[in-house]
Amino acid sequence: MEYPIDLPGGGQMSTETLCTGLTEMSDYKPYVCCPELLNKNKSDYPFEIVTYKSDENREDTKLKRIQNFLSRIASFKRIIKSVNPDLIHVSMSESLITFGFLRCLGFFSKIPFVYTDRGLAYGYRKHSMICIKATLKHAKRLLTTTEFNKSLWSKENLSCGIAVIPNTISKAFSDFDEGKRKTEKAKHGIDENEFVIGFAGRISEEKDWMFVPELVKALHDAGVKFKVALVISVYEAIDFGMVSEIKKGIIDSIGEDNLIYMQDLSQAQISDYYYMVDVFVMSSMFESFGKAAVEAMSRKCSVVSTSVGGLSEVIGKEENLYTKDTVNRFVSRVKELAENREEVIKDGEYFYNRYKNNFTIEANVSKHMALYDEILG
């Protein structure tokens, strides 16, 4: 991986969950190769972590980017030679290109490898796609998290097979506690019968955060009475200005008393957060999977989302999907849920069952184990 595993992010959390599951459920012994940890210690994890020195992946000059790339190649070569794994699982695109440089030169040709694409096939720049496709000629399998992304990659005529293994969420979401819904609402001063809409995620262009105040205003103008529970993860100084804009836009529509704001929550804290939410809303303009949607499902939230990328497949319910051009669909559906408590409960049960049937840790780890078993014979 080209990012530290303790840096919040979908790829890191998915890898941590998978490796923890493999450690507990199988005879496989995972080693995670990543840059030096930011806040945690290697001993905090139940699996092995081997670190290497690395700069950020957003260096401001081409020379620094090239230096970091060459340094990562040397680190990968050293670590793979030292660990001597039976199988290599590449979890991130930059790491695939790094490993690909070695593999295409003939290094580690006897070690089978697989790659999980956590993006979408059309989301890569042209030169990245050339490198990725050249590397995948040597892969045993390309993994995608949705059938939608598999269909995109199928058009690229890859020689390796493509398998779909849906994403999962951390163990913090495994156990559902019905009583926590009332407790969490009370903790934040929310009456049991008040309707709460949730938005959560990290600051990024793909999440289209500035669209959120527009959605809130549209609901308010339609006569819906509600509170907003907003959770944002902030990583850079520039993000704080955007957070202020988002909060101001929401407050201008519904007032400060109707906004509950939290920032940089742990997995356990965000697990509790979803209990206070009746309808969780996603506003993304680009989403390969949408882990936040699955997190909300595990807490019996109704989920209403933009119909983009792999999200439509994850949601699986047409009436709960909308686009930026059909905000009226969003307003109509949320208003229906706000005015019909039985429909909210019914929708929550649908999504909870969808999570249990498709996105649990057990299902995710079992599918990976079966794949590894097949490749290793």
Does Lys317, at its NZ atom, have more than 12 non-hydrogen atoms belonging to other residues, nucleotides or ligands within less than 6.0 Å?
yes

Distance-only side-chain donor-acceptor flag, Ser170 / Gln267, under 3.5 Å:
yes

If you define the side chain from C-beta out and look only at heavy atoms, does anything of Glu192 sit under 4.5 Å from Lys185?
no

Donor-acceptor pair between Tyr28 and Asp373 side chains, under 3.5 angstrom:
yes

Looking only at heavy atoms, what is the nearest atom pair of Ser283 and Thr306, with distance?
C-OG1, 3.8 Å

Salt bridge present between Lys300 and Glu349 (N-O < 4.0 angstrom):
yes

Without hydrogens or angle criteria, can the side chains of Glu295 and Tyr274 be said to hold a donor-acceptor pair below 3.5 Å?
yes

If we only count heavy atoms from C-beta on, is the Val279 to Asp347 side-chain gap below 4.5 Å?
no

So, Tyr372 and His89: side-chain donor and acceptor under 3.5 Å apart, yes or no?
yes

When rounded to the nearest 0.5 angstrom, what distance separates OH in Tyr275 from CD1 in Ile270?
13.5 Å

So that I know where these two stand, are Phe289 and Phe359 an aromatic pair - ring centroids less than 6.0 Å apart?
yes

Which heavy atom of Met282 sits nearest a heavy atom of Ala293, and at what distance?
SD-CB, 3.6 Å

Can Ile88 be reached from Phe101 by stepping across I, L, V, M, F, W or Y side chains whose heavy atoms are under 4.5 Å apart?
yes

Can a salt bridge be assigned to the pair Lys247 and Glu256 using a cut-off of 4.0 Å between side-chain N and carboxylate O?
no

Does any non-hydrogen side-chain atom of Gln263 lie less than 4.5 Å from one of Tyr261?
yes

For Thr168 versus Lys291, what's the shortest heavy-atom pair and its separation?
O-CE, 3.0 Å

Would you please say whether a donor-acceptor pair under 3.5 Å links the side chains of Ser271 and Arg299?
yes

Do side-chain atoms of Ser14 reach the backbone of Gly11 as a donor and acceptor pair under 3.5 angstrom?
no

Are the side chain of Ser366 and the backbone N or O of Ala363 linked by a donor-acceptor pair below 3.5 Å?
no

Do we see a donor-acceptor contact under 3.5 Å between the side chains of Arg118 and Ser288?
no

Is the distance from the ring center of Phe47 to that of Tyr31 below 6.0 Å?
no

Donor-acceptor contact present, side-chain Asp44 to main-chain Asn41, <3.5 Å
yes

Donor on one side chain, acceptor on other, Asp208 and Ser284, under 3.5 Å
no

Do Asp278 and Ile197 come close enough that some side-chain heavy atom pair is under 4.5 Å?
no

Is any side-chain N of the basic residue among Glu336 and Arg333 closer than 4.0 Å to the acidic one's carboxylate O?
yes

Quick one: closest heavy-atom pair of Met92 and Tyr3, and the distance?
SD-CD1, 3.7 Å

Quick one: closest heavy-atom pair of Arg202 and Trp209, and the distance?
O-NE1, 2.9 Å

Could you see if Leu142 belongs to whatever hydrophobic cluster contains Leu87? Use Ile, Leu, Val, Met, Phe, Trp, Tyr and a side-chain cutoff under 4.5 Å.
no

